[in-house]
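Contents: one structure, followed by commentary.
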Amino acid sequence: MATSALILDDDESFQKLLSISMGAHGWVTYGARRISEARRILARHVVDVALIDGLLPDGSGLDFVAELGREPGGPVIVFLSAFSAFHDTATYAWLKENHGIHLIRRKPVVVDELIRQVEEALRVHGGGAAAGVRDRPKTGPTRLGEAVARLRRECLSRSGETAQVLAREITRLRSPRQREAAAKNARFVAHKMKGSAGTFGFADLAQNIEQLEELLGRVADQPAALEPELSVALDSAMEAILRAVTRLLAAEAESEPTPSAAPAVLPPQTLSKPDRPAAKILLVGADPSLAARVTEVARHSFVHTALAASVEEAMDPALHANVDAALIVIDEGTLAAALGLARFLRMLPGRRHLGLAFMLRSATPSLWLAALDGNATLILAEPFAADELGDGVRRLIALPSRPEARLLLVARMEPSGSLRQLLEDEGLRVFACADPADSVAELERVRPDIVLSDLFLPQRAGLDVCRLVRSHPEFRELPVLLLVPRGADEVLGPAFRAGASDYLSMPLVAEEVVARVWLHLERGAMDREANLLDALTGLLTRSAFTRAGRGTLADSRRRGGDCAVAMIEIDGIEGIMLQHGPQVADHILAVAGRLLAMKTRLGDLCCRWGQASFTIAFADASAARATEVLERIRAELEGLVFRGAGGEPVSASFRGVVVVAGADTQTVEELTAVARERLDLAMRSTGAGVTAAR
């Protein structure tokens, strides 16, 4: 009869590793991540050995050991802990005498050695159960090695995410109100991460985490204040962890070029090339840790990253990679070279207004002034928080590039020739209109990024242009600049009340025209970016989706293809919210949004339409293709297990419909209305799934 073991440990990677390794030695194992789960297992099964972690989400491992000790003839108890306090001689003896623990091991452990010691403890203390230890069938070393290698990769992959959690908690330590909770959370996360890293052989990473854990202990002892020296030490330790994780991930990528074992939602052949090239950012002078962080946040914004370790290395990608923005890390030693690179980038054809960010390694006044003199679009100072990096990447890409910025000029044609030439020389696409009465039609046709209007026009005043723009629901945020004769100050008050954003005095000064126009273009782009995305999911808002969807629909028709619009709704989100809490429901919605964004093409549009509903516009896709994609995403979502407040498993799925533009659905608004109507019908039926209809 096979010997059996309960493995109670909330570190999933370690639990799987120990279970697989013990299984290879003929053991039957039962895994539990919480004390409550362990109780349910022991109510159904008698086990010979219980391996119990010291720190668990719903209680202390020692308390559970005491609970087991009250049962006569209980299992052999192996106590595991990463805390050094449990392993001095006096404490070891006290635990064995007073808690009935047969073996105490400190994490990280060598798994084969741990199994050997567990079997020895079972022979000594297990009575009749010890007979089952001998001559058990073994699993072949090849299969065991493959399983361990897979778990090692999973652990390393999670280490990157856990390091980001740690970094966020370290940032929260700066807030006096959050310091105590942040220190507690960070110590718990670091403690678990250290045990996993050491067990899977990442010794340097485990050592770095242990140093951070010691520093966090000092914070917990004195939560009222965070001394500057301790703050610097925490940042240094966190940086060392991020560097170690980055090195390990890079080494893993080199040794394992094939995709990970996790199934992709879309097979490679369905990932078609997007209709437009992805944006690209040039990152110069970043260390591996910062490079990995920027690359990750850029990836989530569908932005490629070109890396250059130095200014010299940056010249080649600057000339040949067709970058859309640049982030340059500067310090006192690299300042002159970085400013020279910035000037070089903006001297390239079509790059005069290239989005450019300087990332300061130290926020000294001299570096700030130098960055300002270098005409930086954005200045970031270390430490670079994740949300700050994400916002910086999105802001740089959101800036209008020269070939795409559209300007509507409403002015008399006679004096506007030189002005139009000046604007076109700046790379703007200029559309002219002489009559304000035609401006609304031109707005809808051109869809400009900015309007430039003469104040005094033959038929009606330029103030009417401001009023027309502000009264149009789609263009009311559009920048409007008025051309005003110099000295006509009395008209400025009425102009601003009519909705003017700014004015230019005539006769015009070329440098002022260019500076003011680009200032408002950049501000408008940033304002639009701020209102484009849903805060929880990162997807487009409903209004942004509707605006962008019109262009997607028009482009698909122009190419003779279909435009499929899908609407999905997460099943039972209100019930999940009531039963498990709003945080669990929000987590499910955020994950669903991320799946949609990551598993659709760059040319597709993803939107959070309602509380639990999402809309996707598939460019140049048939109903069958769109349905296939959604079914794959649904299968992946159903394969995930979310956790409620008490650790209970929570599952999620969705139902959806796909409609394709036809004779009776010509606009995005009509398509979404039809999709909503059919989705409501689908929600009344039973079973999850995606249906399609033209």
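The figures here come from the full heavy-atom set of this structure, side chains too, leaving out hydrogens, waters and symmetry mates. Since this is a predicted model, take the numbers as computed values, not measurements.
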To the closest 0.5 Å, what do you measure between [atom1] ([X]) and [atom2] ([Y])?
{"X": "Phe431", "Y": "Leu407", "atom1": "CZ", "atom2": "CG", "value": "9.5 Å"}
{"X": "Asn208", "Y": "Met193", "atom1": "CG", "atom2": "CE", "value": "9.5 Å"}
{"X": "Ile209", "Y": "Met238", "atom1": "CD1", "atom2": "CE", "value": "8.5 Å"}
{"X": "Ile633", "Y": "Ile616", "atom1": "CD1", "atom2": "CD1", "value": "6.5 Å"}
{"X": "Ile379", "Y": "Phe358", "atom1": "CD1", "atom2": "CZ", "value": "8.0 Å"}
{"X": "Leu478", "Y": "Asp449", "atom1": "CG", "atom2": "CG", "value": "7.5 Å"}

Ion pair check, [X] and [Y], cut-off under 4.0 Å:
{"X": "Glu180", "Y": "Lys184", "result": "no"}
{"X": "Asp287", "Y": "Arg361", "result": "yes"}
{"X": "Glu213", "Y": "Lys194", "result": "yes"}

- Message: A quick test of your reading: do over 12 heavy atoms of other residues, nucleotides or ligands sit less than 6.0 Å from CD of Gln583?
- Response: no
- Task: Taking the side chain as every heavy atom from C-beta outward, state whether Phe545 and Leu539 have any pair of such atoms under 4.5 Å apart.
- Result: no
- Minimum side-chain heavy-atom gap Leu452-Leu504 below 4.5 Å: yes
Mind listing the closest non-hydrogen atom pair of [X] and [Y] along with its distance?
{"X": "Ala652", "Y": "Ile588", "answer": "CB-CG2, 3.7 Å"}
{"X": "Val451", "Y": "Pro448", "answer": "CG2-CG, 4.3 Å"}
{"X": "Lys599", "Y": "Val629", "answer": "O-CG1, 4.1 Å"}
{"X": "Leu216", "Y": "Ala190", "answer": "CD1-CB, 4.4 Å"}
{"X": "Ala308", "Y": "Leu282", "answer": "CB-CD1, 4.4 Å"}
{"X": "Trp609", "Y": "Arg542", "answer": "O-NH2, 2.9 Å"}

- Full working for side-chain contact (heavy atoms from CB on, under 4.5 Å) between Phe618 and Leu605: CA-CA 7 Å; Phe618 293 92; Leu605 303 174; over 6 Å; no
- Indicate yes or no for a side-chain donor-acceptor contact from Thr334 to the backbone of Ile330 under 3.5 Å, with no hydrogens or angles considered. no
- Check side chain to side chain donor-acceptor pair (under 3.5 Å) between Ser501 and all other residues, then give those that pass, not counting sequence neighbours. Arg470
- Listed by chain and number, what are the side chain to side chain donor-acceptor pair (under 3.5 Å) partners of Asp502, not counting sequence neighbours? Arg516, His520
